[in-house]
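See below for the structure under consideration.
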Amino acid sequence: MKIYTKIAIGLALGVIVGPILGAKALYIEPIGRAFIKLIVMLVVPLVVASLTLGTASLGDIKKLGRVGLKTVAYYLIATALAVSFGLVLANTLRPGVGLDPGVKTKPLADYKGVSEAQLAQAMERPGLWDIFLSLIPSNPIKAMAESDMLPIITFSILAGIAMTMIRPQRRRRLMGLLESINDTMIVLVDMVMKIAPYGVFALMAGVAGRFGYEVLLTLLKYVLVAILGMFLFLIFVYSLSVRLMGGIKPLEFFKIIRPVQLVAFSTCSSNATLPINLKVTQEELKVSKDIASFVLPLGATVNMHGTAIYHGVSTLFIAQVYGIDLSFPSQIMVVLTATLASIGCAGVPGIGMITLTIVLTAMGIPVEGIALVMGVERILDMCRTVLNVTGDSTCAVFVAWSEGSLNWKAAGARASSRKK
Ligand code: ASP
């Protein structure tokens, strides 16, 4: 049986058993909390290794100059737009507010892991300077020791840029080390995921014991809102992007990119999809090789629009379920944190859910809330990976088009002559 099927079964059993056990369900909850701790344990080394490596590959920024800047600008703007997309939808459709008021306020009062300080942090309105200053670590080791993700991310990006400026021999050594750390963490993710079904069962039993069956309905709304957000982004943002910044008809684009999307959907991995994306983007979308081979590998590591939408929707959903009201400035903070968290997300299955803990922690929302979204993780991972890889190729099209190296007219002619 596939691990994701097992997790879904664990979730379903937990939801059924929890309300039957009632308060007694809290006795098995520590198993779930152990599982969460095991996941959170991996976040710091994973983000430091993958983000520093991703940024170090910007060594081409000097060589490619404008190309590097355009790529980074597109990735950042589109990712922030994607988080905002998710936030707007979750604010409008309010998937976490389906619970009756009594139940909704209960978790916070009951929940052992939530302190008054955490709640106050989530509700407080940070000033712009505070946000900016909180990005800079005065001591990166301290930030890592305290899992303070925003300064860790800033440090990793700056270290990655600096790595491109040191002697090649030393850079190679450091990159080798980081690659090994990265691979090791990904193997650890696999190991931890093996106990996920039991962890999810225990967490869900505990949660359902407190929340009751309303959780199920709430979850259905959450999945629909997340998928709707991704679908709208795919249809509107990518269509406009390739049309206005590539001169390609959206329908043509989607037809060509379909095999890439199918591989992404079935593997849940941007990294695994990279070879086919490179081939299709160069051969069918006619993006020049130098641009595709710079933009796409970088994108597979740092550009995750689907993950960003998922972060936006999930953060608000969990906050709504726990009865935490996120103010407008706090939501701007979510855009910032989720943009960075999705950049720090590796292009392999399930990591988006792990980096979601970064956003939750930064916002003072109980990390245990991911137990709510875990059972539906697989389907959302499939969908968000489709967007993640599509976003990479729309960026490649944009950069090639703006550099005059998108040979699309010829490609169109060839496509129509093939049809005849
Ligand atoms: N599976 C996604 C990808 O590879 C990352 C994520 O978990 O969001 O693109």
Side-chain angles (χ1 to χ4, degrees), residues 69-93 95 223-262 264-265 270 273 277 280-281 284-285 287 291-292 295-296 298-316 331-332 334-343 345 347 352 359 380-402 406 408:
L69 281 177
K70 281 178 197 164
T71 306
V72 172
Y74 185 98
Y75 283 165
L76 282 179
I77 293 169
T79 306
L81 187 68
V83 186
S84 314
F85 225 77
L87 284 178
V88 168
L89 270 184
N91 272 310
T92 318
L93 301 175
V223 173
L224 291 180
V225 171
I227 292 181
L228 179 71
M230 294 187 210
F231 182 73
L232 292 178
F233 198 86
L234 192 84
I235 297 300
F236 290 112
V237 178
Y238 293 151
S239 294
L240 281 177
S241 178
V242 293
R243 177 82 245 185
L244 302 178
M245 300 190 294
I248 302 178
K249 284 198 193 109
L251 275 182
E252 290 261 3
F253 171 78
F254 285 121
K255 219 160 100 192
I256 289 174
I257 204 75
R258 207 164 40 196
V260 179
Q261 293 180 328
L262 278 178
F265 192 74
S270 301
T273 315
N277 204 0
V280 169
T281 303
E284 305 279 321
L285 289 171
V287 171
I291 289 179
V295 173
L296 295 181
L298 182 66
T301 317
V302 302
N303 184 48
M304 313 265 167
H305 302 158
T307 307
I309 295 173
Y310 163 83
H311 282 164
V313 172
S314 307
T315 304
L316 230 70
Q331 294 201 25
I332 301 236
V334 174
V335 174
L336 201 69
T337 324
T339 300
L340 295 176
S342 71
I343 291 172
C345 175
V359 190
L380 292 184
D381 197 7
M382 292 163 107
C383 299
R384 61 184 192 246
T385 310
V386 168
L387 264 82
N388 291 350
V389 298
T390 310
D392 297 341
S393 48
T394 58
C395 179
V397 165
F398 154 65
V399 175
W401 169 79
S402 68
L406 180 70
W408 181 248

Checklist outcome for this item: In short, L87 meets Q331 closest at the heavy-atom pair CD1-O, 3.6 Å
Item to check | Closest non-hydrogen atom pair, A264 against V389 | outcome: CB-CG2, 3.6 Å
Item to check | Any side-chain heavy-atom pair of I257 and N277 under 4.5 Å | outcome: yes
Checklist entry - Measuring from M382:CE to Q261:CD, what's the distance to the nearest 0.5 Å? => result 13.5 Å
Checklist entry - Any sub-3.5 Å donor-acceptor pair from S402's side-chain atoms to V399's backbone N or O? => result yes
Item to check | Heavy-atom closest contact (P250 atom, V242 atom, distance) | outcome: CA-CG2, 4.1 Å
Item to check | Identified side chain to side chain contact (heavy atoms under 4.5 Å, CB included) counterpart of L93 within the set L224, L228, L316, V88 | outcome: L228
Item to check | Side-chain touch Y74/T394, heavy atoms, less than 4.5 angstrom | outcome: yes
Checklist outcome for this item: Output for pair (L240 CG, I235 CD1), nearest 0.5 Å, gives 11.0 Å
Item to check | pair D392-V295: side-chain heavy atoms closer than 4.5 Å | outcome: no
Next on the checklist: Less than 4.5 Å apart, side chain to side chain, heavy atoms only: is that true for F85 and V313?
Outcome noted: no
Checklist entry - For the side chain of H305 and the backbone of L234, is there at least one donor-acceptor N/O pair under 3.5 Å apart? => result no
Next on the checklist: To the nearest 0.5 Å, what is the distance between OG on S84 and CG on L89?
Outcome noted: 11.0 Å
Checklist entry - If you take all heavy atoms of G299 and Y75, which pair is closest and at what distance? => result CA-OH, 3.2 Å
Next on the checklist: Checking side chain to side chain donor-acceptor pair (under 3.5 Å) between N388 and each of T273, T307, N303, which is the one that passes?
Outcome noted: T307
Checklist entry - Is any side-chain heavy atom of V260 less than 4.5 Å from a side-chain heavy atom of E284? => result no
Next on the checklist: Would S239 and F254 count as a side chain to side chain contact (heavy atoms under 4.5 Å, CB included) here? Give the steps.
Outcome noted: CA-CA 9 Å; S239 294; F254 285 121; 3.4 Å; yes
Checklist outcome for this item: Correct closest heavy-atom pair for S393 and L285 would be CB-CD1, 4.4 Å
Next on the checklist: With heavy-atom distances below 4.5 Å as the criterion, would you say the side chains of W401 and I248 are in contact?
Outcome noted: no
Item to check | Minimum side-chain heavy-atom gap Y310-M304 below 4.5 Å | outcome: no
Checklist outcome for this item: The reported gap from CG in L387 to CZ in F265 (rounded to nearest 0.5 angstrom) is 11.5 Å
Next on the checklist: To the closest 0.5 Å, what do you measure between NZ (K70) and SG (C395)?
Outcome noted: 10.5 Å
Checklist entry - Which pair of heavy atoms, one from L380 and one from M230, lies closest together, and at what distance? => result O-CE, 4.1 Å
Checklist entry - Heavy atoms, side chains only, cut-off 4.5 Å: are F253 and T390 in contact? => result yes
Checklist entry - Nearest 0.5 Å, what's the CD1-CG distance between I256 and L251? => result 11.0 Å
